[in-house]
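Numbers restart at 1 for each chain; the letters A, B, ... are given by sequence-line order, proteins then strands. None of these values were measured; they are calculated from a predicted model.
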There are 2 protein chains.
Amino acid sequence: MAVFTERGYDSASMELLANRLGITKSAIYHHVTSKEALLALALERAHEGLFAVAEEARSLDAPAVARLKRLVHDSVTVLVRNLPYVTLLLRVRGNTEVERRALERRRELDHLAAELVTEAIADGDLRSDLDPAMVARLLFGLVNSLVEWYRPEPGDTGEPLADAVITMAFDGLVVASPQPDATCAPITPP
Amino acid sequence: MAVFTERGYDSASMELLANRLGITKSAIYHHVTSKEALLALALERAHEGLFAVAEEARSLDAPAVARLKRLVHDSVTVLVRNLPYVTLLLRVRGNTEVERRALERRRELDHLAAELVTEAIADGDLRSDLDPAMVARLLFGLVNSLVEWYRPEPGDTGEPLADAVITMAFDGLVVASPQPDATCAPITPP
DNA sequence: GTCTATACATGGATAGAC
DNA sequence: GTCTATCCATGTATAGAC
């Protein structure tokens, strides 16, 4: 996985993998039938985490915004905890059959996100001046872009990062304006 | 460029490029000395546009937030108009000397963004509860992630897209709360 | 500018001994 | 489970004719 991440799947030759493992190319083929099988295994692992998150967000008993926020938040933590696997998944281009199947499964996740955004807008919880499909893509573009720069320490669950993503995407970067429910209300001392 | 975008630089063989061009591999070498030279040319073109934007944002006579917004906005339009080139740049992993130089130059841009964010926070225009370096990376992660899904029609300048990015990142997705300068002010009829 | 032919290295993968 | 040796396709790149 380290070699795949550093060089990219295509540029990571079996020779290079073997060197890093301290064995020969042919020894690898005792454990796995092909290079592509190695890729399939890794992609499977990435999907596992992401689909678990999607399932949980979907089954949550809460308004669409809340489910969407949960989906975004937990996607970040899964991404952080399975960084090499998710990175590989996100870099797949569809050159082979294995890659195309992975892309299809990713689209299912995109679809769920788009549904939640649409519903949240209908609820009046998200601004209606942006296209729902575009919002969904911007949101997950933001999440997915983390693989390009975030380098977690061992033990990092990505919790603060997930909160930062939620804050920027939902509340924006400009200084906090009063929340709707607090607007113009006098400050009540505790 | 189309082949590079579809298959990735590494997987795009000279044979494949030649087929698409309708000539033979060797004919390509009459125009360019190596495959890597082809990459260098493309990366150069991507940098041109991005650095021009950075220079303009830097030299703007306005508060840091405004310069930052301009940088983000124009980065989106450059990305849209030079999509294949910027896509290639963003997928470079540093496997060769040419790629490493490209990564270094990209870091200069990241640095400028981080400076603007820091300054804007100091000005009190951006929320101070998020790490400036993190904000800069989230912002440009968001911008860069566009190459993964945005497919402009010919003639598309990316203007509405750039506005959407600015809106989401700076104002957030939740329904517009009153702007600070309008807070609690009675609505004035025109 | 383009072609055919070819050089030479490296790619993924297999055979068979230990 | 790992090795050496090897197969064959493909990779980048060059030589030299047209």
Partner residues of B:Arg58 under the side chain to side chain donor-acceptor pair (under 3.5 Å) criterion, sequence neighbours left out: none
Please report the distance, rounded to the nearest Å, between OH in A:Tyr29 and P in C:dA15. 13 Å
Here the salt bridge (charged side-chain N to carboxylate O under 4.0 Å, His left out) pairs for residues 140-155 of chain A, sequence neighbours left out, are A:Arg91-A:Glu148, A:Glu148-B:Arg93
Along DNA chain D, 5' to 3', what are the outermost nucleotides having an atom less than 4.0 Å from a heavy atom of chain B? D:dG11 to D:dA15
So, using side chain to side chain donor-acceptor pair (under 3.5 Å) as the criterion, who are the partners of A:Tyr150 when residues are at least two apart? A:Asp156
When the side chains of residues 127-142 of chain B are checked against the rest of the protein, which donor-acceptor pairs come out under 3.5 Å, sequence neighbours left out?
residue	atom	partner	partner atom	Å
B:Arg127	NE	B:Asp129	OD1	2.9
B:Arg127	NH1	A:Gly172	O	3.0
B:Arg127	NH2	B:Asp129	OD2	3.3
B:Asp131	OD2	B:Ala133	N	3.4
B:Asp131	OD2	B:Met134	N	3.1

So does B:Ala12 get a backbone contact from the side chain of B:Lys35, meaning a donor-acceptor N/O pair under 3.5 Å? yes
Residue pairs meeting ring pair (Phe, Tyr, Trp, His ring centres under 6.0 Å), one or both in residues 31-90 of chain B, sequence neighbours left out, come to B:His47-B:Phe51
Side chain of B:Ser26, base of C:dT4: donor and acceptor closer than 3.5 Å? yes
Which residues pass the side chain to side chain contact (heavy atoms under 4.5 Å, CB included) test with A:Thr96, not counting sequence neighbours? A:Glu36, A:Val98, A:Glu99
Table of protein N/O atoms under 3.5 Å from nucleotides 7-11 of chain C N/O atoms:
residue	atom	partner	partner atom	Å
C:dG11	OP1	A:Ser13	OG	3.3

Results of side chain to side chain donor-acceptor pair (under 3.5 Å) for B:Glu108 - residues two or more places apart only: none
Selection residues 89-132 of chain B - residue pairs positive for ring pair (Phe, Tyr, Trp, His ring centres under 6.0 Å), sequence neighbours left out: none
What's the angle between the local helix axes at either end of the helix from C:dG1-D:dC18 to C:dC18-D:dG1, using five pairs per end and rounding to 10 degrees? 0°
May I have all residue pairs that pass ring pair (Phe, Tyr, Trp, His ring centres under 6.0 Å) and include part of residues 3-27 of chain B, sequence neighbours excluded? B:Phe4-B:Tyr9
